[in-house]
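The shown structure was predicted, so the numbers you read here are calculated from the model rather than taken from an experiment. Values reported hereafter were calculated over all heavy atoms of this structure, with side chains retained and with hydrogens, waters and symmetry mates removed.
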Amino acid sequence: MIGRIHSFESFGTVDGPGVRFVTFMQGCPLRCLFCHNPDTWDPNGKCLYEFTPEQLRDEVVKYRSFIKSGGVTVSGGEPLMQSEFVAEFFRLCHDEGLHTALDTSGAIITDKVLKVLDNTDLVLLDIKTMDAELYPTLTGVKQNNNLAFLDILEERKTKTWVRHVVVPNLTDNDEWLRKLGEHVSHYDCVEKIEILPYHTLGTYKYEKLGEKYKLEGVPALSAQRANEIRSMMSQYKPCQ
């Protein structure tokens with residue numbers, strides 16, 4: 001079993017609790033307008049590593065002393081496109097006593113995906129918007145699986161952090177934000193909401209790939225506005 005890995009970060013601090021070894025898998029079925037890693041979209045695109053789960057585990061344990069208070073996170077792209085690989089990798093991580101986190105859009109629900117959750121300690125679930133009509137415009141897919149995935153996490157009592165990217169003039173809408181807060185407030189599995197301010201740091205990658213960046217001219221979300229949103233959302237769940 002070979003996993004196609006776009007890259008990894010050995011000292012990640014923003015993808016789960018503590019210091020983490022973060023693996024970015026190659027391939028994603030979504031085409032989010034605000035994606036800053038379009039180079040991860042193509043499942044057959046250029047990647048830095050092709051590892052077995054055991055080889056990736058061996059790479060991770062080199063950093064055990066640094067990540068012992070954190071753990072490992074698998075992100076993407078969409079890691080569930082390579083669910084069998086992630087399931088086995090997470091099993092090996094649990095054998096090593098390492099905390100596991102899955103960063104996903106919840107776009108894929110299969111029996112193989114459910115096996116990933118068997119050894120997942122935390123899910124970072126990205127909910128792009130609560131507007132079902134806007135969701136396909138933002139991502140290129142329907143929202144059905146995204147919210148159904150949250151239902152599965154609740155049923156399995158899997159700890160979850162809901163992530164939401166706020167884009168000026170697109171998802172920066174108090175009504176939709178409150179709808180998101182109200183929705184997740186009913187889920188015991190959701191520990192907190194993370195507000196991710198839109199930024200433009202990845203726009204150069206589109207030019208490099210010969211792709212048009214569809215949000216050209218949209219400014220980054222200001223720190224002041226991000227803090228206002230966090231304050232508003234904290235009435236539903238802890239928010240950062």
request  = Please indicate whether Lys112 has more than 12 foreign heavy atoms, meaning atoms of other residues, nucleotides or ligands, lying under 6.0 Å from its NZ.
outcome  = no

note = Heavy atoms of Arg163 and Asp103 approach each other most closely as NH1-OD2, 3.4 Å

query = Can you check whether Trp176's main-chain N or O pairs, donor with acceptor, with Asn173's side chain at less than 3.5 Å?
reply = yes

query = Do Leu33 and Leu177 belong together in a cluster built from hydrophobic side chains that touch within less than 4.5 Å?
reply = no

message = Could you check whether Phe34 and Tyr198 have their ring centres less than 6.0 Å apart?
response = no

task = State, with a plain yes or no, whether a side-chain heavy atom of Val162 is found less than 4.5 Å away from one of Tyr187.
result = no

key: Spacing of Gln224 atom CD and Leu221 atom CG [to the nearest 0.5 Å]   = 10.5 Å

ask   = Where is the tightest heavy-atom contact between Gln26 and Asp42, given as atom of each residue plus distance?
value = NE2-O, 2.8 Å

request  = Could you grab the distance from atom CG of Leu150 to atom CD of Glu155, nearest 0.5 Å is fine?
outcome  = 12.0 Å

query = Leu125 and Thr104: side chain to side chain contact (heavy atoms under 4.5 Å, CB included), yes or no, with the steps?
reply = CA-CA 5 Å; Leu125 181 64; Thr104 179; 4.3 Å; yes

key: Single-linkage hydrophobic cluster Leu114~Met81, side-chain heavy atoms < 4.5 angstrom   = yes

query = Is there side-chain contact between Asp39 and Lys46, with at least one heavy-atom pair below 4.5 Å?
reply = no

message = For a 4.5 angstrom cut-off between non-hydrogen side-chain atoms, does Leu80 reach Thr110?
response = no

ask   = Does the Arg225 side chain pair with the main chain of Pro168, one donor and one acceptor, at a distance under 3.5 Å?
value = no

query = Going through the checks in order, is the side chain to side chain contact (heavy atoms under 4.5 Å, CB included) test met by His183 and Tyr236?
reply = CA-CA 9 Å; His183 185 80; Tyr236 304 106; over 6 Å; no

inquiry  = Any heavy-atom pair between the side chains of Gln143 and Lys128 that's under 4.5 Å?
reply    = no

ask   = Within the distance-only criterion (no hydrogens, no angle test), does the side chain of Thr160 pair as donor or acceptor with the backbone N or O of Thr158 below 3.5 angstrom?
value = yes

message = Hydrogens and angles aside, do Thr100 and Asp121 bring a side-chain donor and acceptor to less than 3.5 Å of each other?
response = yes

message = Go through it in stages, so that I can follow the logic: the residues are Lys179 and Asp131, the test is salt bridge (charged side-chain N to carboxylate O under 4.0 Å, His left out), and I'd like the CA-CA distance, side-chain angles, deciding distance and then a yes or no.
response = CA-CA 9 Å; Lys179 189 175 180 181; Asp131 186 318; over 6 Å; no

query = Looking only at heavy atoms, what is the nearest atom pair of His186 and Glu154, with distance?
reply = O-OE2, 4.2 Å

query = Does the side chain of Leu102 reach to within under 4.5 Å of the side chain of Leu117, using non-hydrogen atoms?
reply = yes

query = Between atom CD of Glu207 and atom OH of Tyr213, what is the distance when rounded to the nearest 0.5 Å?
reply = 13.5 Å

ask   = If you take all heavy atoms of Cys28 and Gly77, which pair is closest and at what distance?
value = CB-CA, 3.8 Å

task = Give a yes or no answer on whether the side chain of Ser234 reaches the backbone of Ser231 with a donor-acceptor pair at less than 3.5 Å.
result = yes

inquiry  = Suppose we call two aromatic rings close when their centres sit under 6.0 Å apart. Are Tyr49 and Phe8 close by that rule?
reply    = yes

Met130 reachable from Val190 in the ILVMFWY side-chain graph, under 4.5 Å edges = yes

request  = Before giving the answer on side chain to side chain contact (heavy atoms under 4.5 Å, CB included), spell out for Glu9 and Phe24 the whole-Å C-alpha distance, their side-chain angles and the decisive distance to 0.1 Å.
outcome  = CA-CA 8 Å; Glu9 182 180 356; Phe24 300 92; 4.2 Å; yes

task = Would you name the heavy atoms of Ile5 and Cys47 that are closest together and state the gap between them?
result = O-CB, 3.2 Å

message = Taking the side chain as everything from C-beta on, heavy atoms only, tell me whether Leu170 gets closer than 4.5 Å to Leu138.
response = yes

request  = Please work out whether the ring planes of Phe89 and Phe85 are parallel, tilted or perpendicular, with thresholds of 30° and 60°.
outcome  = parallel

task = Determine, stepwise, if the pair Phe11 / Tyr63 fulfils ring-ring contact (aromatic ring centres under 6.0 Å, His included).
result = CA-CA 9 Å; Phe11 298 98; Tyr63 301 89; 5.8 Å; yes

message = Please determine whether residues Val166 and Met232 belong to a single hydrophobic cluster, defined as Ile, Leu, Val, Met, Phe, Trp and Tyr linked transitively by side-chain heavy-atom distances below 4.5 Å.
response = yes

request  = Kindly say whether Leu30 contributes a backbone atom to a donor-acceptor pair with the side chain of Glu78 at under 3.5 angstrom?
outcome  = no

query = Any donor and acceptor pair, going by atom type alone, linking the side chain of Thr129 with main-chain N or O of Thr171 inside 3.5 Å?
reply = no

message = Determine whether a donor-acceptor pair (N or O, by modelled atom type, separation under 3.5 Å) exists between the side chain of Arg91 and the backbone of Asn119.
response = no

request  = Please check if the side chain of Asn145 supplies one atom and the backbone of Ala107 the other of a donor-acceptor pair under 3.5 Å.
outcome  = yes

ask   = More than 12 non-hydrogen atoms from neighbouring residues, nucleotides or ligands closer than 6.0 Å to NZ on Lys115, yes or no?
value = no

message = Quick one, Thr203 with Glu216, criterion side chain to side chain contact (heavy atoms under 4.5 Å, CB included). Give me CA distance, side-chain angles, the key distance, then yes/no.
response = CA-CA 8 Å; Thr203 54; Glu216 187 174 351; over 6 Å; no

key: Approximate separation, where rounding is to 0.5 Å, of Ile152 CD1 and Ile109 CD1   = 4.0 Å

task = For Lys159, look at atom NZ and say whether over 12 heavy atoms of other residues, nucleotides or ligands are found less than 6.0 Å away.
result = no

query = Do Arg230 and Pro197 have side chains that get closer than 4.5 Å, going by heavy atoms?
reply = yes

request  = Kindly check if the number of other-residue, nucleotide or ligand heavy atoms within 6.0 Å of CG (Asp95) is above 12?
outcome  = yes

message = When you compare the side chain of Asp172 with that of Ile229, does any pair of heavy atoms fall below 4.5 Å?
response = yes

ask   = Of all heavy-atom pairs between Gly16 and Leu122, which one has the smallest distance, and what is that distance?
value = CA-CD2, 4.3 Å

request  = Look at the side-chain heavy atoms of Ile, Leu, Val, Met, Phe, Trp and Tyr, link any pair under 4.5 Å apart, and say whether Ile195 and Ile127 land in one connected group.
outcome  = yes

